[in-house]
J.: 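Below are the structure tokens for one structure; questions will follow.
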Amino acid sequence: MSERPPLLWDLVRMVIKMIVGGFVVIGLVSCGVATVAGAGASAGGKKVEKKAESQFIYGEEDSDNAIMQVEIKGPILTHKPDDADGGFFGSLIPVTYGYEVKEQLLKAAKDDSVKAVMMFVTTPGGSIVGSEAIHDGVLAVKAAGKPVISYVDTISASGGVWSTAASDKIFADHGSIIGSVGVNFGNIQYFDDPIAVDGGIFSGGIETRGGVKTKFIGAGLGKDIGNPFRPMTEREERLLNQMAEEFYVKFLDHVVENRGMDRQALIEQHGAMIYSNDFAQQYGYIDDTKTYQETLAYIGQQIGAEGDDWKLVSPPTIEKTPFEELFGARVKGVNLEQAARIQHSAMCKELTAGPVAMSTQKLVGLCGV
């Protein structure tokens, strides 16, 4: 019987040792961290939790003038799902959870080391509930006597405007688009006299002009609103329009109150249109056009920092053990493609469940409805 080549066999053994050794080291380190935490917990019989600390991003790391960068990126949703902590791969689709951002802002308001907040905004809008939650957080920071400056990178539409309207100043980088003060209730689809559906209504094809009939079984007047096999009744259309108008009026009040914009101009001229920098500034959506660096320099001046004596930090995060970092919550036998589909489905489910501060174009682009 032929022997294995010595060099190849030695290489195989070395790789095996490295893998096994790696798991041992990770286990020891994790145990060590747990032991230290346990020792801390035993002191005085009190549990000692891992401290959440802000992460340094840019500037003078030793400066006492911290500017916290809070991000609104992608569609704005409401609450962060329990299984959306990112894990090893992080979020596969950039989204913003309004109540998570609100919590970050509330902590910034109470943190004496944070002198100001910069809202980094690049969003097409989204949930009204999530947008209002962020607005509440902005008010809390301002109530603590700290400036809130919003910086728009590329786009701040609908929910982005709602979220940041109360900022002390709103700047947009060159080539950005801002605006779209309006409310979207989504499209109620109706197939006129369908005769065949191939592969499902939304994933396959449908042929219309007589033949296929449907009957909704349920209770409650209008419970089947949105049934794609019948048109809306006049009453249903009127009620939906009334709800959309209610949220639109609240949006108008919100922008007029916080930005001092002309209400009649918003209604009769601007509507839900989006604008480039110059027009956005002229109409009052933003205060000026500034780059990222220029915005930071402006904030430094507002907090009385001498020269570049400031640092940019991110909101606090709980540090993870090496084992948690390596084997994050997302590594559960679900491949990346499946995880992306799950996350996209959850996002669109929320965005199409009710009124949103997002344009039809963006909603269709994201969710196909």
Side-chain angles (χ1 to χ4, degrees), residues 71-78 94-98 101 119-135 138 150-167 169-187 240-241 243-289 347-348 350-369:
E71 299 181 342
I72 305 176
K73 292 184 175 181
I76 300 171
L77 306 180
T78 53
V95 296
T96 292
Y97 299 104
V101 173
M119 306 292 292
F120 187 102
V121 186
T122 177
T123 176
S127 162
I128 292 176
V129 176
S131 301
E132 179 65 15
I134 297 173
H135 168 70
V138 169
S150 289
Y151 162 78
V152 177
D153 178 272
T154 307
I155 181 173
S156 177
S158 297
V161 174
W162 191 309
S163 301
T164 60
S167 303
K169 293 289 182 182
I170 300 176
F171 301 131
D173 212 331
H174 300 271
S176 296
I177 53 175
I178 307 96
S180 191
V181 176
V183 173
N184 193 338
F185 233 111
N187 295 321
L240 288 180
N241 278 323
M243 282 192 284
E245 184 68 20
E246 177 187 337
F247 286 112
Y248 175 55
V249 170
K250 289 180 179 178
F251 200 170
L252 284 172
D253 293 342
H254 181 79
V255 174
V256 170
E257 178 184 353
N258 289 284
R259 292 295 300 169
M261 296 174 67
D262 185 288
R263 184 184 184 86
Q264 287 307 114
L266 273 170
I267 296 173
E268 299 172 4
Q269 299 177 32
H270 310 325
M273 296 299 294
I274 53 177
Y275 297 98
S276 59
N277 294 60
D278 290 347
F279 285 108
Q281 183 176 346
Q282 179 182 333
Y283 298 147
Y285 292 96
I286 65 174
D287 295 291
D288 202 353
T289 295
M347 175 185 71
C348 290
E350 178 171 345
L351 291 177
T352 57
V356 292
M358 178 182 283
S359 71
T360 298
Q361 178 189 17
K362 291 297 181 182
L363 192 58
V364 170
L366 283 169
C367 302
V369 293

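Small disclaimer: the values here were computed from a predicted structure and weren't measured.
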J.: Only counting residues at least two apart or in another chain, list the ones meeting salt bridge (charged side-chain N to carboxylate O under 4.0 Å, His left out) with Glu71.
T.: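 Here the qualifying residues are Lys73.
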
J.: Go through the structure and list residues passing side chain to side chain donor-acceptor pair (under 3.5 Å) with Glu246, not counting sequence neighbours.
T.: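 Per chain and number, Glu246 pairs via side chain to side chain donor-acceptor pair (under 3.5 Å) with Lys250.
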
J.: CD of Gln281 to CD1 of Ile170: how many Å apart, nearest 0.5 Å?
T.: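 Between Gln281 CD and Ile170 CD1, I get 12.0 Å after rounding to 0.5 Å.
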
J.: Taking salt bridge (charged side-chain N to carboxylate O under 4.0 Å, His left out) as the test, write out the residues that go with Asp153, two or more places apart.
T.: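 Here no residue qualifies.
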
J.: Please tabulate, for the side chains in residues 172-179, all donor-acceptor contacts under 3.5 angstrom to protein atoms that are two or more places apart in sequence or on a different chain.
T.:
residue: Asp173; atom: OD2; partner: Tyr151; partner atom: OH; Å: 2.5
residue: Ser176; atom: OG; partner: Thr154; partner atom: N; Å: 3.1
residue: Ser176; atom: OG; partner: Asp173; partner atom: O; Å: 2.9

J.: Sequence neighbours left out, what passes salt bridge (charged side-chain N to carboxylate O under 4.0 Å, His left out) with Asp262? Give chain and number order.
T.: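 Checked Asp262 against salt bridge (charged side-chain N to carboxylate O under 4.0 Å, His left out); zero matches.
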
J.: Give a yes or no on whether the backbone of Ser127 and the side-chain of Glu350 come within a donor-acceptor separation of less than 3.5 Å.
T.: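 No, Glu350 side chain to Ser127 backbone: no donor-acceptor pair under 3.5 Å.
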
J.: Please confirm whether the backbone N or O of Gly74 pairs with a side-chain atom of Thr123, one donor and one acceptor, at under 3.5 Å?
T.: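 Answer holds: yes.
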
J.: As an exercise, state the distance from CG of Leu252 to CZ of Phe247, rounded to the nearest 0.5 Å.
T.: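 So the CG of Leu252 and the CZ of Phe247 are separated by 14.0 Å.
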
J.: Holding to side-chain contact (heavy atoms from CB on, under 4.5 Å), I want the full list of residues that pass it with Val255, two or more places apart in sequence or in another chain.
T.: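 Partners of Val255 by the side-chain contact (heavy atoms from CB on, under 4.5 Å) criterion, ordered by chain and then number, come out as Val161, Val181, Phe251, Arg259, Met261, Leu266.
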
J.: For Pro75 versus Pro124, what's the shortest heavy-atom pair and its separation?
T.: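 Heavy-atom minimum between the residues: N-CD, 4.0 Å.
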
J.: State whether the number of non-hydrogen atoms from other residues, nucleotides or ligands found under 6.0 Å of Met243 atom CE is greater than 12.
T.: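 Counting neighbours around CE of Met243, more than 12 heavy atoms of other residues, nucleotides or ligands fall under 6.0 Å, so yes.
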
J.: Output all residues satisfying side-chain contact (heavy atoms from CB on, under 4.5 Å) with Gln269, sequence neighbours left out; order by chain, then residue number.
T.: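 Residues passing side-chain contact (heavy atoms from CB on, under 4.5 Å) with Gln269: Ala265.
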
J.: What pairs with Tyr275 under ring-ring contact (aromatic ring centres under 6.0 Å, His included), at least two apart in sequence or on another chain?
T.: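 Partners of Tyr275 under the ring-ring contact (aromatic ring centres under 6.0 Å, His included) test: His270, Tyr283, Tyr285.
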
J.: Heavy atoms, side chains only, cut-off 4.5 Å: are Val138 and Thr164 in contact?
T.: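 A side-chain contact is absent here, since even the closest heavy-atom pair is not under 4.5 Å.
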
J.: Got more than 12 heavy atoms from elsewhere within 6.0 Å of CZ, Phe279?
T.: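 No, because the 6.0 Å sphere around CZ of Phe279 holds 12 heavy atoms or fewer from other groups.
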
J.: Tell me, please, which residues at least two apart from Ser158 pass side chain to side chain donor-acceptor pair (under 3.5 Å).
T.: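 With sequence neighbours excluded, Ser158 shows a side chain to side chain donor-acceptor pair (under 3.5 Å) to Ser180, given in chain and number order.
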
J.: Do Ile134 and Ile72 come within less than 4.5 Å of each other through their side chains, counting heavy atoms only?
T.: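 Yes, at least one pair of side-chain atoms sits under 4.5 Å.
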
J.: Does Thr122 have any side chain to side chain donor-acceptor pair (under 3.5 Å) partners at least two apart in sequence or in another chain, and if so, which?
T.: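 Per chain and number, Thr122 pairs via side chain to side chain donor-acceptor pair (under 3.5 Å) with no residue.
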
J.: What pair of heavy atoms forms the shortest contact from Ile155 to Val152, and how long is it?
T.: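 Scanning both residues completely, I find the closest heavy atoms to be C-CG1, 3.7 Å.
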
J.: Going by the rule side chain to side chain donor-acceptor pair (under 3.5 Å), which residues pair with Gln282 if we only count those two or more places apart in sequence or in a different chain?
T.: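 If we apply the side chain to side chain donor-acceptor pair (under 3.5 Å) test to Gln282, skipping adjacent residues, there are no hits.
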
J.: State, to 0.1 Å, how close Ala166 and Asn258 come at their nearest heavy-atom pair, and which atoms those are.
T.: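 Heavy atoms only, the tightest pair is CB-OD1, 3.3 Å.
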
J.: With sequence neighbours excluded, tell me which residues meet ring-ring contact (aromatic ring centres under 6.0 Å, His included) with Phe171.
T.: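 With sequence neighbours excluded, Phe171 shows a ring-ring contact (aromatic ring centres under 6.0 Å, His included) to Tyr298, given in chain and number order.
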
J.: Considering all heavy atoms of both residues, which atom of Ser163 and which atom of Ile76 are nearest to each other, and what is their separation?
T.: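 Reported closest heavy-atom pair: OG-CD1, 3.6 Å.
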
